[in-house]
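Below, read A as the first sequence line, B as the second, and so on, with proteins coming before strands; counting in each chain starts at 1.
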Number of protein chains: 2
Amino acid sequence: MAEKQPRFERLTADQRRERLVEASINCLAAEGIQGFTVDAICREAGSSRGLIVHHFGSKDALLAAVYAEVFQNVLVGLDALDPDTATPEALVEIVLSGGFMDRKYLKVWLALWGEISVNPGMQAEHRTLNTTFREKLALSLQAMAHKRGKVIDGHGVAILLISLADGLWLQQSIDQSLLASDRAKELCLSVVNAALTGGLTA
Amino acid sequence: MAEKQPRFERLTADQRRERLVEASINCLAAEGIQGFTVDAICREAGSSRGLIVHHFGSKDALLAAVYAEVFQNVLVGLDALDPDTATPEALVEIVLSGGFMDRKYLKVWLALWGEISVNPGMQAEHRTLNTTFREKLALSLQAMAHKRGKVIDGHGVAILLISLADGLWLQQSIDQSLLASDRAKELCLSVVNAALTGGLTA
DNA sequence: TTTGCTATTGTATGATCGTTCAACAGTGGC
DNA sequence: GCCACTGTTGAACGATCATACAATAGCAAA
């Protein structure tokens, strides 16, 4: 007689946490923060609701873990960049199309931004990661300006570029017909080039 | 013997709808989309849950009414502007600090953006209003450039300015310490002035 | 004072919510 | 095959959810 399939697969703690975080991201992407429920996440992960409390302590703690995963992916793109050889095109690619920046993640970001704005722990972490992101971008921008014999406020241009990219990304994620991807890229490049050539001061 | 206070105040349909929309905005501002519940809104409005269905048909229809109210306020600031005499400072003030752009409304916007991205009716309306906003801004920008003897792509600069303002506003609303209001204003002005003087092409 | 109109209340309903925790079950060591 | 360890399940619980709708009540006209 055929052997019975196991009812569930035992995983290591890290594997299980990774699966729950991934399932959470999918639920947020599909339904926003209102789709972030214990039952919906368990259905997506193919597991049971007790696991969330067992591995994370609470649903809120799971959201914090989602944030860490998402933002680490944003930083990874910049980590791979050589500040001395980076091009404006490469920078623009990172700020517009980096980790978790497909428009399907709009509702993940909306949920995280909402939570960061009221959760002191997440806000502190966001501040740290965002500052790191700016500083790395500033280094690359300063190196590019230096190559053109120019001196710029790299930090100011980094803030400018990140904000512009966020705004463009948000607009086209909300309604794709309002702005084409190529157009967004062009606008970012224009601003970076203007900043590097002295046409614009940040 | 003292006369009894009436249990409730009868209002006209328009008055009652306005109160419910206002209460909804307050609930969204405080708790985001998860605070947008029938009971929370009724507590805030000082009324009873039956009123929401009576006046709006459903909670979702109430959210659509909230959107209309919020976005009309955004347009109002621009309507008051004379395109022939507007200054870069005035435009920047409108895109950064116009109607419902205090940072306390962050979660209202996050909720609306989430809903617009999946609700075809709201998305169509948003497209219309957003396009109107861009066109009005473009007229003012073109008039400013004309005064300087320059020809610009007003529409392109309008997209640039709106996106930059959205990104800056979002960043400082999420975490106030990441960006000062004055700094955001300066960056917007730099970009507008660079666009008007030919230092930057959109 | 009475009456009609209709704004408004709030109970009932079935469903869903997050957490708790006793019991179950996968699996490797002996 | 037995057993211990511990990952995992899912019912129970009290709370909250949105909508339906019968009954109540404000108030102006007659």
Side-chain angles (χ1 to χ4, degrees), chain A residues 1-24 26-28 30-67 111 114-115 118-119, chain B residues 1-24 26-28 30-66 107 111 114-115 118-119:
Chain A
M1 147 199 200
E3 257 157 73
K4 253 167 80 177
Q5 289 283 10
R7 279 181 69 192
F8 54 86
E9 183 183 16
R10 282 182 71 123
L11 303 176
T12 66
D14 284 347
Q15 285 177 310
R16 181 62 71 183
R17 276 197 274 269
E18 185 57 31
R19 285 215 191 171
L20 288 168
V21 167
E22 195 178 310
S24 298
N26 289 344
C27 289
L28 286 167
E31 310 284 342
I33 195 68
Q34 290 191 292
F36 187 69
T37 71
V38 173
D39 276 355
I41 294 162
C42 290
R43 271 199 298 278
E44 179 70 26
S47 60
S48 182
R49 65 172 77 83
L51 273 179
I52 289 178
V53 173
H54 178 77
H55 283 287
F56 292 95
S58 72
K59 212 184 70 166
D60 281 351
L62 174 53
L63 188 61
V66 165
Y67 167 77
E115 188 65 20
V118 296
N119 180 322
Chain B
M1 157 197 194
E3 255 157 74
K4 253 168 82 178
Q5 288 282 9
R7 279 180 69 191
F8 55 85
E9 180 183 20
R10 279 184 73 125
L11 303 176
T12 66
D14 284 347
Q15 284 176 312
R16 183 60 73 183
R17 276 196 276 268
E18 184 58 30
R19 285 213 190 170
L20 288 169
V21 166
E22 192 177 314
S24 299
N26 289 343
C27 290
L28 285 166
E31 309 286 340
I33 195 68
Q34 291 190 291
F36 187 69
T37 71
V38 172
D39 276 355
I41 293 162
C42 290
R43 272 199 296 280
E44 179 70 26
S47 60
S48 183
R49 61 172 80 86
L51 275 180
I52 288 176
V53 173
H54 178 75
H55 283 286
F56 291 96
S58 71
K59 214 184 66 169
D60 281 351
L62 175 53
L63 188 61
V66 165
K107 292 195 279 282
E115 188 63 21
V118 296
N119 180 321

Could you check how far [atom1] of [X] sits from [atom2] of [N], rounded to whole Å?
{"X": "A/Phe56", "N": "D/dG7", "atom1": "CZ", "atom2": "C1'", "result": "14 Å"}
{"X": "A/Gln15", "N": "C/dG26", "atom1": "CD", "atom2": "C1'", "result": "14 Å"}
{"X": "B/Lys59", "N": "D/dA20", "atom1": "NZ", "atom2": "C1'", "result": "16 Å"}
{"X": "A/Asp39", "N": "D/dA11", "atom1": "CG", "atom2": "P", "result": "11 Å"}
{"X": "B/Gln5", "N": "D/dA25", "atom1": "CD", "atom2": "P", "result": "16 Å"}
{"X": "A/Arg19", "N": "D/dT8", "atom1": "CZ", "atom2": "C1'", "result": "13 Å"}
{"X": "B/Asp60", "N": "D/dT19", "atom1": "CG", "atom2": "C1'", "result": "12 Å"}
{"X": "A/Arg16", "N": "C/dA25", "atom1": "CZ", "atom2": "P", "result": "16 Å"}

Expected output is a numbered-order residue list: members of residues 40-54 of chain A with a heavy atom under 4.0 Å from any atom of DNA chain C. What is it?
A/Arg49, A/Gly50, A/Val53
Using a 4.0 Å heavy-atom cut-off across all strands, classify B/Phe36 as base, sugar-phosphate, or nothing.
sugar-phosphate
Considering every strand and a 4.0 Å limit on heavy-atom distances, what is the contact class for B/Arg7: base, sugar-phosphate, or nothing?
sugar-phosphate
Taking all non-hydrogen atoms of both residues into account, name the closest pair between [X] and [Y] and its distance.
{"X": "A/Thr12", "Y": "A/Gln15", "answer": "N-OE1, 3.0 Å"}
{"X": "B/Phe56", "Y": "B/Ala65", "answer": "CE2-CB, 3.6 Å"}
{"X": "A/Arg16", "Y": "A/Ser47", "answer": "NH1-CB, 3.8 Å"}
{"X": "B/Cys27", "Y": "B/Glu44", "answer": "SG-CB, 3.9 Å"}
{"X": "B/Leu63", "Y": "B/Glu115", "answer": "CD2-CG, 3.5 Å"}

So which nucleotide from D/dT9, C/dC17, D/dG26 ends up closest to the side chain of A/Phe8?
D/dT9
A/Val38 side-chain proximity, nearest of D/dT19, C/dT19, D/dC27:
C/dT19
Closest nucleotide of DNA chain C for A/Gln34 versus for A/Gly57: which of these residues is on the 5' side?
A/Gln34
Around B/Arg17, counting heavy atoms of other residues, nucleotides and ligands shown, do more than 12 lie under 6.0 Å from its CZ?
yes
Less than 3.5 Å between a donor and an acceptor, one on the side chain of A/Arg10 and one on the base of D/dG7, is that the case here?
no
What pairs of donor and acceptor atoms, side-chain ones from residues 33-43 of chain B against any protein atom, are under 3.5 angstrom apart with sequence neighbours left out?
residue, atom, partner, partner atom, Å
B/Thr37, OG1, B/Ala40, N, 3.1
B/Asp39, OD1, B/Arg49, NE, 3.0
B/Asp39, OD1, B/Arg49, NH2, 2.9
B/Asp39, OD2, B/Arg49, NH2, 3.3

